[in-house]
Structures are given as C-alpha cells and as structure tokens.
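Taking it in order: structure first as structure tokens, then the write-up.
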Amino acid sequence: MRRDCHSMPSRGRLALGLSLALPLLASPVQGSAQGLPPGLVSQVLQNADPTTLATIANAMGNAGIGNGGSLPSVPLAVPSASPTPPPAALVDAGAPPVTPGAAPAASYAANSASPVFGAQLFTGAFARTGAAHFNPDYVVTAGDRVVLRLWGAFQFAQVQTVDPQGNVFLPNIGPIHLAGVRNQDLQRVVTGAAAATFRSNVYVYASLAEAQPVRVFVGGFVRRPGLYDGTSMDGLLHYLDAAGGIDPDRGTFIDVEVKRGEQVRAHVNLYQFLFRGVMPPVPLGDGDVIFVGPRQQTVSVLGLANNANVFEFPRNAHPTTADVMLLAGPQPSATHMRITRNTGPVKNVDYRPLADAGALPVGNGDTIEFTADKKAGTITVRIEGEHESPQEYVLPYGAHLGDLLQQIRFSQRSDAGSIQLFRQSVKDRQKTMLDASLHSLEQAALTARSGTNDESQLRRNEADLILQWIDRARKVQPLGQVVIGQGPARDDLLLENGDLLHVPTRDGLVLVSGEVLFPNAVAWQQGLDANGYVSRAGGYTQKSAARRIVVAHADGSFEEVAAQSHAVRSGDDLLVLPRIDTKSRQILKDMTQILYQIAVSAKVVLGL
C-alpha cells in the first residue's frame, strides 16, 4: 500500500517531519558543508498546521540548528551517495523490516577445539550478526525496498518495492530499472532518470531501505544442513555459521559452491578470507543453495609452527613442503622437519633440515612436524654469594667444575671449602622421589585395617591428619643441591646449563630450626655440642624427638647426630625432627623416611 505525506493525519505528518528534518539537518552530506535546507521541512509539511511547524522549529532550535524560531535558507546540495537509511517511521507499516535470524542454540565447542585450519571461523559470531546497514557493493534485486523522495517543483515521498521486472515507478517519470544496480550507484541512477523529465528545481533522494528477505538452503558436509532465513545482504559466512559451520572432518574449506538451480554461480575459497581477508560479494536470492562438498587432500602440521593445523589442498594439486611451510610458518627456533608419509601399511619417515628441504612433494594424509635439532655449544653457569667475580660465566659444553673454580676470585670472607652447587635436574628428581614417597604413604593411610569399630574411628581420625600433612608436604620444593664434597674428584664434576654455584660467607653462625622453642641463628662456638645449640634456641618442644637431630653441612652433605655430638661446624643447619605418634608401624616408618627426605632435600622440618 502506498502512502504520501498528503494522505497522512496531522500526527503522522508530525512524526514524518521530525524524523526527516532533524536527522537530515543535523548531518552534513557530500557536496556541501551545510545540511539539507531547512526549507525542505516546510515543503514536505506544507499542509501542516502552524502548531506542527512551531514544534519542529523549537526542536531544531534545541538541537542548535538555525535560530530556533525561523528556518534559514541555505543552498541545496543533492547528495552524490546514499546516506544512512531512513528511520523506521518512514517504512510502510504493512511490511516490517526483516530481522536476521539468531544463531541456533548449539555448541560450537567442537569447532574451536578442531585442529583443522578454518574450523575456528564458525563460532556463532556470523550467525548472530545481521547484514550491514549500508553495503556499497550490494546489487539491487527484485523484492528490495527503496526509499524515494522528490521535492522542489514536484513532491513525492514513498517506499517502493522493486517489481519482478526490476523496476520502480515514479509519477511523471515512469519506470526506472534498478535491478543489477549497485547500492552506491542507486542515487545517481534515480537522479539521472528524474533529470530527463525535470530540467531544474526538482531534487531527488534515493536509498535502499531494506534487503529482500530470503530463505537459503545450506547442504553438503555441514553440521546442521537445512533451510535458513535471512536477507539478500547477508553473506555466505552468515548462513554457513547458522548451519553450525563446515564439518572439519568431512567438508571442504577451499571450494564452497553457491548454486541457483543447476547453475553454479560462485566457487568460494575460504582460505582467501583467512589468509588475505578477501571475501567475494555473492548476493544470495530466495531458494539459493550453499553446498559444501567433501574434503579434499590434507596435510597435518605439528611441532614448532606458528600455524600448526591440518591444511587442505585441491584434489588435483601436487603440494610441496614449500607450500606447507608458507601456510604453517615455522618458528625461528625450528631447524628440521620430519615428514611421515601415508604410504599404506608401511610407515616411511623423511627427516630433513629446513635449509635442505626444498620443494619435496607431500601427499594426502602426510604429517609434517617441525623440530629444533640443535646441539649445545656453550652453557651458562651463575655464581652467587661471597666472591669478587662476574655473576655469570659462559663455558664450552662439557666444561668441568674445576675449570670454573679457576676463574672465580674469592674474597677474604668466602668459604671456598663449602661451595654449594644447585641443579634444576636434581631438583626435579628430588621432587619426583618425594611425590612417590608421599603417594605410597597416602595409600598406606587409606588402606590400614581395623579390628573394632573404636579402632576404625581412630584409624579414620589418624588418616585425616596424615592426609593433611601429605598435602602440606606436596607443596615443599626441594633445593636441588648437589653434594660435591672435597678433593680432586670435585673438579671432575661436569657442569650443566643453568647450574647455580653459591659461595657461602664465613659468618660463624649455626642455624637451628625444627622442633625447638625459638628457631634462630646461633653463633658457632668451639667445643659446643648439638644439645648446647638446641638449648640456646630455647630447648626442645613437646613434639620433638630429642635424639633425632640432622646436621646439614654447607657443602650439601648431612648426617644424623646425637645430642652430645660435636660434629656441628660453622655455617651448618641443625634440624630437630618431630616425634611421630601413629598406631601403624608401617606408616611410622614411611613418615620417618619422608621427614628425613624433606629435611635433606629442602632443609625444612615439617611437623605433624
């Protein structure tokens, strides 16, 4: 049903005038620094009552247009390109705008987790987003709605639908063929047709109001084949995403067909979009078919690659390693490639340096893994503590501790006889052994048998305490200290990359910790036994095992000593172990072993 401004009631004319005047007057257009002439409002509402015109004038004044009471006259500039589509108030109420369908309620998690390149493209984002309001490359087709306005000597305002012949009809001008016209050329075509009839004093505005609602079939190897609603301005990715995306295990990403009947209108390679950001404009009509064919030949990429995925190549192509490297992008650390060829029951592997790989042929189902095959040439060792040398040394691979000690300059405060060596590989092994012991203790605590109900309750309470202790023990990190000892054998010790050498200070202190009242550092005294150092730290606690004392020497060696022992040296750590009260002899044995293990590897006394 057609409507013009003369047939509207006063309230409709007011809404039309406000929606037309304020947006157009407030926004500049191409060809003039001013907006459209405010006199246009009076021309469009020439039959409106004075109250309506006063309301529009006041609204313009509040918006800063004109002087608020009069409508100034400025030169008219006909826009050369279609501005933003008109407000919804101008659209015929009998045909509401088409809202693109929301994405179906489905999980796209499988696409995100797929190793196939391109599967991550379909996560529901395209399906939830409708067509853009202004697409300059969109081609007008039958069924599209166009806003047409003429003012000046001849006045006309209407939203028309492009008929099956591809035309719209304007009074005194006749049919104007718009089918096949691009959106950005729509203003020029309608203006040219009006100029053939009206030589002057007639101005034209033409804009695409909305695209044609269409229903598109999506078939082939997609997750949810079916018929999907949208508009002709919605792109290919919108409908593929609405169908759940291409099935990465079966469908092709490099040859998606757009069909109309038996005719194939376009072949779309999504790799062009993923690698170059190029998506060909393919206007879709009602009943069109988007068909995803079967997956073609593939090559898997693993290892040190920036884009490690499964890549697809045309069925009749002959890809090479150079083609795969261009898509995968090996990381700078990669030096070699391992090619596992899909040759039936026999597994053939080809291992080549990247520099010599060249353009080796690869076939369907082959796997290429980029690796770093590097031999260590040098190692770095860090020196900390009391010394006057640089803190980091670069040594040849295979260097010994003696080679490094010759380069260290000790100070007068350095304890050169108690050098400490800490190594990451030793730390990892200590942690592995501790975890294994804790796991065994956990199994013993959970599987202990009971003869009576009372004993069962005691076992349960005891197991809860032991499990809490195990959780605390798992958080202990060993130091990774190596017992290097003394003598010429120490100099033959091979160094590893990342080793840390610590030179202790002759501070004359003994650190007393564990089950003592006041753990503290005590000054070393010649002839003082272990019990004397404990006494200076406040004495034993009630949980201590008075005769279980471990002395950890500065060079990494340790020994269990009696309370009257005089084996404590300057710089030692004296650890008083706790008493373990448990009903099971096996659990008592395991916990005692773990207590020693933690004390030696981490120099920590973990009480129960």
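Just the heavy atoms: all of them, side chains too, but no hydrogens, waters or symmetry mates, feed the values below. This structure is a prediction, so every number in the text was calculated from the model and none was measured.
Side-chain N or O atoms of Ser414 include one that pairs as donor or acceptor with a backbone N or O of Glu386 at under 3.5 Å. Side-chain atoms of Lys259 never come within 3.5 Å of backbone atoms of Ala266 as a donor-acceptor pair (strictly under, hydrogens ignored).
Phe253 places a side-chain heavy atom less than 4.5 Å from the side chain of Val116. Put simply, the side chain of Thr378 does not reach to within 4.5 Å of the side chain of Leu395, judged on heavy atoms. Val324 has its side chain within reach of Phe313: a pair of non-hydrogen atoms, C-beta onward, lies under 4.5 Å apart. Residues Leu511 and Asp572 are not in side-chain contact: their nearest non-hydrogen atoms beyond the backbone lie 4.5 Å or more apart. A 4.5 Å side-chain heavy-atom check between Asp366 and Thr340 finds every atom pair outside the cut-off. Side-chain contact check for Leu304 versus Pro330: every heavy-atom pair is 4.5 Å or farther apart. Inter-residue side-chain proximity for Asp491 and Asp403 is flagged as unmet; no heavy-atom pair is nearer than 4.5 Å. Using a 4.5 Å cut-off on side-chain heavy atoms (C-beta onward), Val550 and Asp573 make no contact.
With no hydrogens or angles considered, no side-chain donor-acceptor pair links Ser411 and Glu388 at under 3.5 Å. Between the side chains of Asp323 and Thr320, at least one donor-acceptor pair of N or O atoms lies under 3.5 Å. Under the 3.5 Å distance criterion, with hydrogens and angles disregarded, a donor-acceptor pair is assigned to the side chains of Asp234 and Thr231. A donor and an acceptor atom, one from each side chain of Arg223 and Asn111, are located under 3.5 Å apart. His553 and Glu559 are linked by a side-chain donor-acceptor pair at a separation below 3.5 angstrom, with hydrogens and angles left out of the test. For the residue pair Ser425 and Glu496, a side-chain donor N or O sits within less than 3.5 Å of a side-chain acceptor on the partner. For the residue pair Gln424/Asp428, the side-chain donor-acceptor check at 3.5 Å is satisfied. Asn497 and Thr380 are linked by a side-chain donor-acceptor pair at a separation below 3.5 angstrom, with hydrogens and angles left out of the test.
Using a 4.0 Å cut-off between a side-chain N of Lys or Arg and a carboxylate O of Asp or Glu, Arg215 and Asp286 do not qualify as a salt bridge. Salt bridge present: Asp288 and Arg265 bring a charged side-chain N and a carboxylate O closer than 4.0 Å. Under the 4.0 Å criterion applied to side-chain N and carboxylate O atoms, Arg182 and Asp185 are assigned as salt-bridge partners. Checked for salt-bridge contact, Arg295 and Glu312 miss the test: no charged N lies under 4.0 Å from a carboxylate O.
If you look at His336 and Phe370, their ring centroids are not closer than 6.0 Å.
A distance of 10.0 Å separates OG of Ser601 from CD of Gln477, quoted to the nearest 0.5 Å. To the nearest 0.5 angstrom, Leu240 atom CG is 10.0 Å from Tyr228 atom OH. A distance of 9.5 Å separates CG in Leu178 from CG in Asp144, rounded to the nearest 0.5 Å. The CG atom of Leu575 lies 11.0 Å from the CG atom of Leu595; values are rounded to the nearest 0.5 Å.
Counting heavy atoms of neighbouring residues, nucleotides and ligands inside a 6.0 Å radius, atom CZ of Phe558 does not exceed 12 of them. Crowding of His318 atom NE2: a count of heavy atoms from other residues, nucleotides or ligands under 6.0 Å not exceeding 12. Atom CZ of Arg460 has 12 or fewer neighbouring heavy atoms from other residues, nucleotides or ligands inside a 6.0 Å radius.
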For Leu495 and Ile379, what are the C-alpha separation, side-chain angles and deciding distance, and is it a side chain to side chain contact (heavy atoms under 4.5 Å, CB included)? CA-CA 8 Å; Leu495 295 174; Ile379 62 173; 3.9 Å; yes
I would like to know whether Asn269 and Asp255 meet side chain to side chain contact (heavy atoms under 4.5 Å, CB included); could you show each step before the answer? CA-CA 5 Å; Asn269 185 351; Asp255 188 17; over 6 Å; no
Val216 and Ile290: CA distance, side-chain angles, deciding distance, side chain to side chain contact (heavy atoms under 4.5 Å, CB included) verdict: CA-CA 7 Å; Val216 175; Ile290 299 175; 3.9 Å; yes
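Tyr271 meets the ring-ring contact (aromatic ring centres under 6.0 Å, His included) test with Phe117, Phe275; sequence neighbours excluded. Applying the side-chain contact (heavy atoms from CB on, under 4.5 Å) test to Leu500 and every residue at least two apart in sequence or in another chain returns Arg382, Glu384, Phe422.
Among the candidates Ile246, Leu270, Val292, the single residue satisfying the side chain to side chain contact (heavy atoms under 4.5 Å, CB included) test with Thr252 is Val292.
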Distance-only check: which donor-acceptor pairs under 3.5 Å involve side-chain atoms of residues 433-441, not counting sequence neighbours?
from, atom 1, to, atom 2, distance (Å)
Ser437, OG, Met433, O, 3.1
Ser437, OG, Gln597, OE1, 3.2

